[in-house]
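To keep things clear, I will list the structure first and then write my remarks on it.
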Amino acid sequence: MLLKAASTLSSLNIHDASDSSLSWPSSSLSSGLSSSPILRGSRVVVFASKGANSRPLTGVVFEPFEEVKKELQLVPTVPQESLSRHKYANDCESAINEQINVEYNVSYAYHAMYAYFDRDNVALKGLANFFKESSLEERAHAEKLIEYQNKRGGKVKLQSILMPHSEFDHPEKGDALHAMELALSLEKLVNEKLLHLHSIASQNNDPQLADFIESDFLIEQVEAIKKISEYVAQLRRVGKGHAESGTLIKCFSMEQLLLHDDDDASFVSEGCVSEDTILRTYLPVASHFEVLDVWFFADFVF
């Protein structure tokens, strides 16, 4: 095939490079290409020799096929190792697993509170509903951390969950205030654990993990602490339940506020339920009632 090509080239009329009928791009002349022009009718064919483009390029800032060689060597070949793990420190992986355990423990504690207030001899359905939703929320936080751990290539290691308390009555504070103060302490403890996790992410130069904790957890945690702090303040202001009509009205309205929307709870103050009905219904168990949210009860006049 080479002999055939050589005979073909020898039969062609090769013009001199100075022929005005040939146009030579300035870039081709300055690039060091070894080439010969051949005129075939109205077409010009240029043959470049091997190694003509051996001069190194200048101004190159990224050579992907060269730089990727380092990463290619780090790709795991063992099936047990994660393929997606990248710049994820072992300390961050361990801290995520610890936070998962924290969220599950708090969820378990809230579930115990839900079970207590749902008893037939306690029967505070509003508080039971509040703590049930809180338990589900903490469980959702744990599941979100599990998804993140798998996304970063870590291994989820679930740890033991301690048995929570089952009784929340208090001789001086009552069960509602005692449980809500415990909930406030739990939320602050979770916040401390999240801040510790954030500091570990910063120490290991993991801005992605730090941003995840800030955007998905810390903002919500501050809001939860504020809300429960207001509940504790309102419960302390009212004190333990008594048989006075004002306290009973507030207790009934508190339960409706937790069981329904905020707007629906105003039906008590609007006279849809009489004071006599509330007294007759709740007087036998008045000692079990404390107020959770009394934001619209301060103006009650009997």
Side-chain angles (χ1 to χ4, degrees), residues 96 98-120 122-148 158-170 173-197 212-238 241 250-251 253-265 288-295:
I96 288 287
E98 291 178 3
Q99 189 63 34
I100 291 172
N101 183 257
V102 170
E103 302 290 345
Y104 272 132
N105 271 280
V106 174
S107 174
Y108 209 33
Y110 281 148
H111 218 65
M113 296 180 194
Y114 150 68
Y116 170 84
F117 287 104
D118 193 53
R119 294 178 184 175
D120 65 316
V122 179
L124 287 176
K125 298 296 183 180
L127 282 167
N129 184 63
F130 172 79
F131 286 119
K132 182 179 181 180
E133 292 181 353
S134 299
S135 176
L136 294 175
E137 182 179 351
E138 298 302 326
R139 181 182 178 90
H141 289 169
E143 293 175 351
K144 183 180 292 187
L145 289 167
I146 289 175
E147 293 176 359
Y148 182 84
L158 299 179
Q159 304 172 27
S160 301
I161 299 178
L162 298 178
M163 182 180 68
H165 297 291
S166 58
E167 300 295 331
F168 299 95
D169 194 14
H170 193 278
K173 299 178 181 179
D175 47 10
L177 176 58
H178 176 59
M180 199 57 64
E181 287 182 346
L182 179 59
L184 178 60
S185 300
L186 288 173
E187 292 297 328
K188 290 183 176 181
L189 178 62
V190 171
N191 190 55
E192 290 181 5
K193 297 294 185 180
L194 288 170
L195 293 174
H196 176 65
L197 176 58
F212 170 71
I213 298 301
E214 291 174 7
S215 58
D216 287 52
F217 289 91
L218 289 181
I219 297 176
E220 180 180 339
Q221 198 64 32
V222 171
E223 294 174 352
I225 292 174
K226 175 64 164 57
K227 180 179 69 174
I228 297 180
S229 297
E230 293 175 350
Y231 290 164
V232 170
Q234 292 162 355
L235 282 166
R236 287 178 177 177
R237 185 180 301 114
V238 174
K250 295 174 183 179
C251 292
S253 302
M254 173 271 294
E255 284 293 293
Q256 298 303 317
L257 181 64
L258 290 175
L259 289 172
H260 306 286
D261 295 333
D262 292 357
D263 295 336
D264 296 337
H288 292 289
F289 285 84
E290 286 84 16
V291 180
L292 180 59
D293 197 336
V294 293
W295 58 272

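No hydrogens, no waters, no symmetry mates; every other heavy atom, side chains included, goes into these values.
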CD-CZ distance between Glu143 and Arg139, expressed to the nearest 0.5 angstrom: 5.0 Å

Minimum heavy-atom distance between Pro164 and Ala109, given as atom pair plus value: CB-CA, 3.9 Å

Side-chain donor/acceptor of Asn105 to backbone N/O of Asn101, under 3.5 Å: yes

Rounded distance [0.5 Å steps], CD in Glu138 versus CG in Leu136: 10.0 Å

Centroid-centroid distance, His111 to Tyr114, less than 6.0 Å: yes

CD on Glu220 to OG on Ser215, rounded to 0.5 Å: 11.0 Å

Value rounded to 0.5 Å, distance of OH in Tyr104 from CG in Leu145: 9.5 Å

Asn191 (side chain) donor-acceptor with Val222 (main chain) under 3.5 angstrom: no

Face-on cation placement of Lys193 at Phe217 ring, 6.0 Å and 45° thresholds: no

Straight-line distance of Ile96 CD1 to Ile100 CD1, nearest 0.5 Å: 6.5 Å

Sidechain N-carboxylate O distance under 4.0 Å for Lys188, Glu192: no

In residues 179-187, what donor-acceptor pairs under 3.5 Å come from side-chain atoms, sequence neighbours left out?
| unit_1 | atom_1 | unit_2 | atom_2 | d |
| --- | --- | --- | --- | --- |
| Glu181 | OE1 | Lys173 | NZ | 2.6 |
| Glu181 | OE2 | Arg236 | NE | 3.0 |
| Glu181 | OE2 | Arg236 | NH2 | 2.9 |
| Ser185 | OG | Glu181 | O | 3.1 |
| Glu187 | OE1 | Gln221 | NE2 | 2.6 |
| Glu187 | OE2 | Tyr110 | OH | 2.7 |

Check against side chain to side chain donor-acceptor pair (under 3.5 Å), Glu98 and His196: CA-CA 11 Å; Glu98 291 178 3; His196 176 65; 5.2 Å; no

Distance flag, aromatic centroids of Tyr231 and Phe130, threshold under 6.0 Å: yes

Parallel, tilted or perpendicular, as decided by the 30° and 60° cut-offs, for the rings of Phe168 and Tyr116: perpendicular

Donor on one side chain, acceptor on other, Gln99 and Glu103, under 3.5 Å: yes

Approximate separation, where rounding is to 0.5 Å, of Asp118 CG and Leu124 CG: 10.0 Å

For the student: nearest non-hydrogen atoms of Asp175 and Val122, plus distance: OD2-CG1, 4.0 Å

Whether Phe117 and Phe131 hold their rings parallel, tilted or perpendicular, with breakpoints at 30° and 60°: parallel

